[in-house]
Each structure stands twice: as structure tokens, then as C-alpha cells.
Amino acid sequence: MTQCLFCRIIKKEIPGRIVYEDETALAFEDINPQTPVHILVVPKKHIDSLSHLTKTDKDLIGSLFLIVNSLAKARNLAQSGFRTVINTGPGGGQTVYHLHVHLMGGRQMTWPPG
Ligand code: 5GP
Ligand code: ZN
């Protein structure tokens with residue numbers, strides 16, 4: 001059994017509030033939302049982080065952002081705006097080492113982030 005939390009959600013070994021799924025990606029609600037809309041978009045293929053991307057992942061990474069685009073529209077965030085975040089490595093605040101894009105919105109975001 002895999003130890004990766006998000007691989008386990010992808011394999012439905014543990015529950016996730018899934019909002020989108022296709023052959024290569026899954027999107028689900030963050031368990032500890034920081035914004036009214038807080039969705040994680042992940043590739044089904046395990047990739048540790050953005051630092052571990054290779055050229056073979058070029059289409060995959062593009063697909064993740066197209067999913068973000070359509071989810072933002074579906075949640076009525078496209079007009080107001082939203083934030084996408086990819087935390088990478090310890091210094092970037094990454095806590096789950098399976099590449100994921102945070103889609104966050106539904107309130108005014110501020111800058112700089114913490
Ligand atoms: P990171 O800090 O790695 O960028 O983001 C990891 C995210 O995963 C956090 O926002 C955290 O709330 C979320 N998370 C951690 N464990 C679970 C879980 O079991 N289920 C879901 N849906 N989200 C999780
Ligand atoms: Zn994984």
C-alpha cells in the first residue's frame with residue numbers, strides 16, 4: 001500500500017470530497033480550507049513536487065491548469081479572481097509531497113503571503 005496521502009485519495013483508499021476526475025488528474029476539497037473555495041488539483045501520476053517535473057510532464061502540467069481554469073469558472077471565481085498556489089519543498093511550505101495546485105478564492109486575498 002502506498003504511503004502517499006494523495007495517492008491514497010486518488011486510489012480511493014481514503015475518502016476525499018472529489019469535485020473533478022479524469023484519466024490523468026483529480027481535484028478535491030482541501031480538508032482544512034483557508035478560503036471559502038479551496039480545492040486541490042493533483043496529477044494521478046505521483047510527482048513529489050514542482051522540483052521533480054520533467055519534460056515528459058509538459059502536457060500533464062498544462063492539463064492541471066486547464067482544470068483550475070474550468071473549476072474557477074464553475075465556482076464563479078473567474079470574474080472576481082482567485083489565487084493558485086504551488087508550495088514547493090520545506091522552504092515553500094509544502095507539507096504533502098505529491099504535486100498539487102491550490103485553487104483558492106471566495107474572499108479578497110492579500111499580498112505578501114505568509
Ligand atoms: P501543502 O502545504 O503541501 O501545499 O498543502 C497540503 C494541503 O493538503 C493542505 O492545505 C492540507 O490542508 C491538505 N490536506 C492534508 N491532508 C489532507 C487530507 O487528508 N485530505 C484533504 N482533502 N486535504 C488534506
Ligand atoms: Zn502520491
Side-chain angles (χ1 to χ4, degrees):
M1 188 193 296
T2 174
Q3 294 303 306
C4 173
L5 180 62
F6 289 174
C7 280
R8 295 187 69 193
I9 292 175
I10 290 161
K11 290 179 181 165
K12 317 274 168 62
E13 289 174 2
I14 57 172
R17 290 177 59 193
I18 295 167
V19 297
Y20 175 85
E21 180 166 17
D22 65 23
E23 322 79 63
T24 58
L26 190 74
F28 49 94
E29 307 275 358
D30 195 293
I31 203 167
N32 183 22
Q34 301 301 309
T35 44
V37 176
H38 189 169
I39 294 169
L40 304 174
V41 183
V42 310
K44 285 189 171 173
K45 171 188 172 186
H46 180 92
I47 302 169
D48 278 359
S49 79
L50 200 59
S51 292
H52 296 79
L53 269 190
T54 66
K55 281 185 181 165
T56 57
D57 300 317
K58 197 171 168 184
D59 286 347
L60 182 59
I61 198 78
S63 299
L64 295 185
F65 281 99
L66 286 172
I67 293 164
V68 168
N69 173 293
S70 66
L71 286 172
K73 287 189 177 114
R75 297 299 182 100
N76 291 317
L77 297 176
Q79 195 92 21
S80 59
F82 55 89
R83 182 166 295 174
T84 47
V85 173
I86 301 177
N87 296 321
T88 303
Q94 186 174 3
T95 58
V96 177
Y97 280 78
H98 180 125
L99 176 65
H100 51 282
V101 182
H102 295 256
L103 166 59
M104 310 174 78
R107 66 165 167 83
Q108 181 60 51
M109 305 299 286
T110 58
W111 195 265

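Atoms within each ligand, like the ligands themselves, are counted from 1 in listed order.
In this structure, His100 has a heavy atom closer than 4.0 Å to ligand 1. Residue contacts with ligand 1 do not include Ile86, since none of its heavy atoms lies under 4.0 Å from the ligand. Residue contact check for ligand 1: Tyr97 places no non-hydrogen atom closer than 4.0 Å to it. Ligand 1 lies less than 4.0 angstrom from a heavy atom belonging to Gly93.
When distances from the Zn ion (ligand 2) to the N, O or S atoms of His98 are compared, ND1 comes out shortest. Of all the N, O or S atoms in His46, the one closest to the Zn ion (ligand 2) is ND1.
For ligand 1, the polar-atom distance check against Asp30 finds a nitrogen or oxygen pair separated by under 3.5 Å. The shortest N or O to N or O distance between His102 and ligand 1 is below 3.5 Å.
In this structure, of Ile14, Ile39, Ile31, the residue bringing a heavy atom nearest to atom 17 (C) of ligand 1 is Ile31.
Using a cutoff of 4.0 Å between basic side-chain nitrogens and carboxylate oxygens, Lys45 and Asp57 are scored as salt-bridged.
Set against the non-hydrogen atoms of Phe6, the atoms of ligand 1 under 4.0 Å away are 8 (O).
Our summary of the site lists the angle at the Zn ion (ligand 2) between SG of Cys7 and SG of Cys4 as 120°, to the nearest 10 degrees.
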